[in-house]
Every structure is written in C-alpha cells, then in structure tokens.
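Some notes on the structure that comes next.
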Amino acid sequence: MTSEERVVVIGGGLAGLRLAERLGPAATVTVLGEESHVPYNRVLLAEVLAGRYAPEVTALPAPGPALRRGVRAVRVDRAERAVHCDDGTAAPYDTLVLATGSNAVLPPLRGLFEPGGRELPDGVHAFRTMDDCLALSAAVRPGVRAVVIGGGLLGISAARALAARGAVVVLAQQGERLMERHLDADASALLATHLTGLGVEIHTECRVRGLVTTGPPAGGAGPSARPAFEDRVRAQPGARRRADAPRKVTHVELADGYRLEADVVVLACGVRPRTGLARAAGLEVRTGIVVDDHLRTGDPRIHAIGDCAEHAGQVYGLAGAALEQADALAAVLTGAPAPYTGTRALTRLTLGGAGAGHLDLAAFGETTPRPGDDVVRLADATRRTYRKVVLRGDLLVGGVLLGELSTVGALARTWEGGEPPHDLFHLLTDDGGH
C-alpha cells in the first residue's frame, strides 16, 4: 500500500474511525459518515441519557479531513470502483471498507406505523443513535411514564438511565429472564432485584402486542385506539382533534389484553446488521456481510468490519470486536497480515449510581454449562456479589460476574489464553485480579 492508495470507508463509527487512525498516512483515506454529529462512542449513550455525561464527553478522536460528515452512501459501483452518495458526489476507491454498523430492530407491533408510513408515533423512540438519545432525553422528566420493550443489554441500560432521570419505568421482556443471552438464572435474578430497587417495574414472559395512539388511526391498531382518544376528548371539554395532528402514544398493549399507560416508549429489541449496500452490490450476505480471515468479501477489493460483518458464522455486535477487526484489517492493508480468527468477546455493563444504585456485571464465553461441565459459584447476598465460572475438563470456557469485578481481568485472560487455571479459587476471590 502507498500513500496514493485510495481507501474509502463507509461508516464513521468505532470500527471505521479506528481503521482510519491505524492506516494514518499509509493511504489516502476517506470516511463517509452518515450522521452529522461529531463522531461519538455509542457505548456511552446510556450515560448521556441518564444525565451523567454531556454529549461532548462521548466524542471520538477526530480523523480530520478524512471524515465527511452527514454524507450517506447510496450505491456501490464495483465495476467503476466508486461509492455514490446522496449529495450527488462519488468517491472512487482502490479499496473499499464497509463499516456500516447496525440498525435498531423495530418490532412488528400493531399501531407502530400508519399504512405505508415509516414515522414513529410521538413518544416512541428507538435507542441506537445520538439523535435517538437526544430526542428521548428531551422527552423525559420526573414522573413521565416510560415503557421499555426489551430486557437485553440495551433495554437494561435504557431502563436504568430513565429511572435515574425520575421517570416511572416499566420494563417488558418477552423472555423468561433479563439478559438471557448473557446471564444465567441466578445472575439475572440479582440484576432484576437491583433494577427493582431503582424503581423499575419488571415484567418477564411478557409479549407486547401493539401500541395505542391518539390522532389519526394507524393501520393494524384495531378499534382499541379510538376509544382511548375519545375518552381523552370527553375528559377535556372543548378539545378537538386536528385532522393533521400527529399520532401520540398513550398505552402499550400486552398479549393478554392488559394495557400499560405510557408517555414514552423505548424500543430496545436488538439490532440488525446494515447490509443493504452490500446486498445491492451483489456481495454475499447471510446475517451480516460475509468475510474471510482477512476480513475480505467475495470481491477482493471490498472488506467489511464491525457490526455489519459476519466472520465464520458469527456477528459480534460488540465494541471490542469492532476495534479488533479494525486493527486486523489495518495490518492486512499495510502488508503485515495475520489471519483474523475471531474475537473472544467479553460483555461488560456498568449500571452507574452511588451506593446501592451502582452495579457492575460482566459475562464471557459459554455461560450455560453443557452436560459434563463443572460449575463453580460464589455468592454473597450481603455484598450483592455473584461469580460463576464454567469449566470443561481443565479449561475455563465461560463466566458471569456481578458486583465486585476486580477478578474479571484475570479470569478473562485465563479464558482467552486457553490455559488451565493454576488456582481457580484465587482467581475467584477479591484480589484475584491483582
């Protein structure tokens, strides 16, 4: 690679900016960032929503003139080797990197959209971008009734942040327990107890059927939307509904017919890799954009990294994996390739707050044991700590920790290294990470 090599990166998030930083002067890099904001660390959005951080605190190091903000790539022309953008410009490339990230999943709820429309009702928010975060933050004040749909990592973060702002929060989780992809039943129960202590009302095994809104009736909402509006009109003499009045959410309707009052609804139902550009360009897409051990697609001039990439059947969706892939691709492009063999991902979440309002958790590897595995647990209800590790033969294959995380570094290093732990009890005790 020479400094004249044109590298175009689609995506101005963690993965794209890390790659641009690593390439430095080794190439002529252009980063196309769809969002108009200064690049930010998406991991910190919950802290902005909670009011702990100002948006500026989340800013990532600026890549200088390499970044074009507010520019959306709309088409990749592989024959021409150019990316066409929504502002009418085209960015020619010698190497193209897709770092398009992922979108929030919008569940198929009755009343979410009007027929043929894509506008969410007032009060309904996804929680994926800085714009989502700022809009949600503006809608929240003490006493606001907020329903969070989804009990995964994102939903937990949103519920905790809203509670910190004084909202009356209900969390609806379709699965049997919170964070079921990462935590076992005991750890999930401790997490639920913690959130309940912060004032979050939790409903598990709870399927949301639809939204009830005022304003023009939404397709599929059924007759339930109209009585809610008419009741409100009768309660306010002289009130009229304008024909062009925006829809406003008033309730979340559950599968059993029960309705939760809601001023604000947060859709935290997971994310989906953004693969539209790759698919339209004829690249192989499964769950994500399929890449090999050099993070290369079926077109040798096009690579993919971060949330949009699928390597060896795995889409990570985690910041650590995105950064590791960016580093690996930088090595490939600068002539020092080492095969990318996957990321051993550790999920970590800090539920901030003072005293009883603070809880840390971490999970790595296989947290659900197979038949024949050994499990070691240490729990201290007084200190609100829980530690579990899963052993397969002599090897540590996974673990869950809540509360005191001083040992997580040592445990994760042992897991990543694939070496039998020399002193498991020491690793599990408070000073095991030192």
Side-chain angles (χ1 to χ4, degrees), residues 1 5-20 22-23 27 29-34 42 71-86 90-106 108 128 181 269-345:
M1 174 174 282
E5 181 91 3
R6 298 168 300 178
V7 178
V8 174
V9 182
I10 302 178
L14 278 173
L17 294 183
R18 176 66 161 250
L19 177 65
R22 289 289 188 260
L23 292 178
V29 181
T30 300
V31 181
L32 304 175
E34 184 173 333
R42 201 180 308 277
V71 176
R72 183 168 63 90
V74 296
R75 182 169 63 89
V76 174
D77 189 321
R78 292 168 55 189
E80 182 187 345
R81 294 215 302 267
V83 178
H84 294 267
C85 304
D86 62 350
Y93 66 83
D94 299 303
T95 296
L96 174 63
V97 180
L98 301 173
T100 48
S102 54
N103 282 329
V105 171
L106 300 182
R128 181 65 181 162
R181 286 182 53 198
C269 305
V271 296
R272 181 178 294 118
R274 295 184 66 179
T275 60
L277 281 173
R279 194 183 299 274
L283 301 174
E284 183 181 3
V285 173
R286 295 175 192 161
T287 301
I289 305 167
V290 177
V291 295
D292 63 14
D293 289 350
H294 289 104
L295 298 161
R296 181 176 49 205
T297 69
D299 183 330
R301 291 187 175 273
I302 302 180
H303 301 257
I305 56 175
D307 290 4
C308 68
E310 177 178 333
H311 174 266
Q314 178 76 38
V315 177
Y316 291 96
L318 296 170
L323 296 176
E324 194 170 316
Q325 289 174 2
D327 292 347
L329 181 55
V332 167
L333 297 180
T334 54
Y340 174 73
T341 57
T343 297
R344 295 174 75 84

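The first residue of the sequence shown is numbered 1, and numbering continues consecutively from there.
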Residues passing the side-chain hydrogen bond (donor to acceptor under 3.5 Å, both in side chains) test with Asp292, sequence neighbours excluded, are Arg296

So CD of Glu80 and OH of Tyr93: to nearest 0.5 Å the spacing works out to 9.0 Å

Output for pair (Leu277 CG, Arg72 CZ), nearest 0.5 Å, gives 8.5 Å

Here the gap from Arg279 atom CZ to Arg274 atom CZ, rounded to the nearest 0.5 Å, amounts to 14.0 Å

Closest heavy-atom pair, Val7 versus Ala27, reported as atoms and distance to 0.1 Å, is CG2-CB, 3.9 Å

OG1 (Thr334) and CG (Leu23) are apart, to the nearest 0.5 Å, by 7.0 Å

Hits for salt bridge (Lys or Arg N to Asp or Glu O under 4.0 Å) against Asp77, two or more places apart or cross-chain, chain-then-number order -> Arg75

| Any sub-3.5 Å donor-acceptor pair from Arg301's side-chain atoms to Asp94's backbone N or O? | yes

Is it the case that the side chain of Tyr340 and the backbone of Leu295 share a donor-acceptor pair, with hydrogens and angles ignored and the cut-off at 3.5 Å? no

message = Determine whether a donor-acceptor pair (N or O, by modelled atom type, separation under 3.5 Å) exists between the side chain of Thr343 and the backbone of Ala345.
response = no

Sub-3.5 Å donor-acceptor pair from the side chain of Thr100 to the main-chain atoms of Cys308, do we have one? no

Separation between CD1 (Ile289) and OG1 (Thr297), nearest 0.5 Å, reads 8.0 Å

dist Asp299:CG -> Leu96:CG (nearest 0.5 Å) comes out at 8.5 Å

What one should report as the nearest heavy-atom pair of Ala309 and Val291 is CB-CG2, 4.4 Å

More than 12 heavy atoms from other groups under 6.0 Å of CZ on Arg272: no

Practice problem: For side-chain contact (heavy atoms from CB on, under 4.5 Å), just list the numbers for Tyr316 and Gln325, CA-CA rounded to whole Å, side-chain angles, deciding distance to a tenth of an Å, and then say yes or no. | Solution: CA-CA 11 Å; Tyr316 291 96; Gln325 289 174 2; 3.8 Å; yes

Within-4.5 Å side-chain heavy-atom neighbours: Arg42 and Arg128 = yes

Of all heavy-atom pairs linking Val31 and Gly12, the shortest is CG1-CA, 3.9 Å

Nearest heavy-atom approach of Gly16 to Val9 is CA-CG1, 3.7 Å

Smallest heavy-atom separation, His303 atom then Thr95 atom, equals CD2-CG2, 3.9 Å

(message) Looking at Arg78 and Ala281, would you say the former's side chain and the latter's main chain have a donor-acceptor pair under 3.5 Å?
(response) yes

Sorted by chain and residue number, the salt bridge (Lys or Arg N to Asp or Glu O under 4.0 Å) partners of Arg22 (sequence neighbours excluded) come out as Asp327

Shortest non-hydrogen pair, Pro92 vs Arg6, comes out as CB-NH1, 3.4 Å

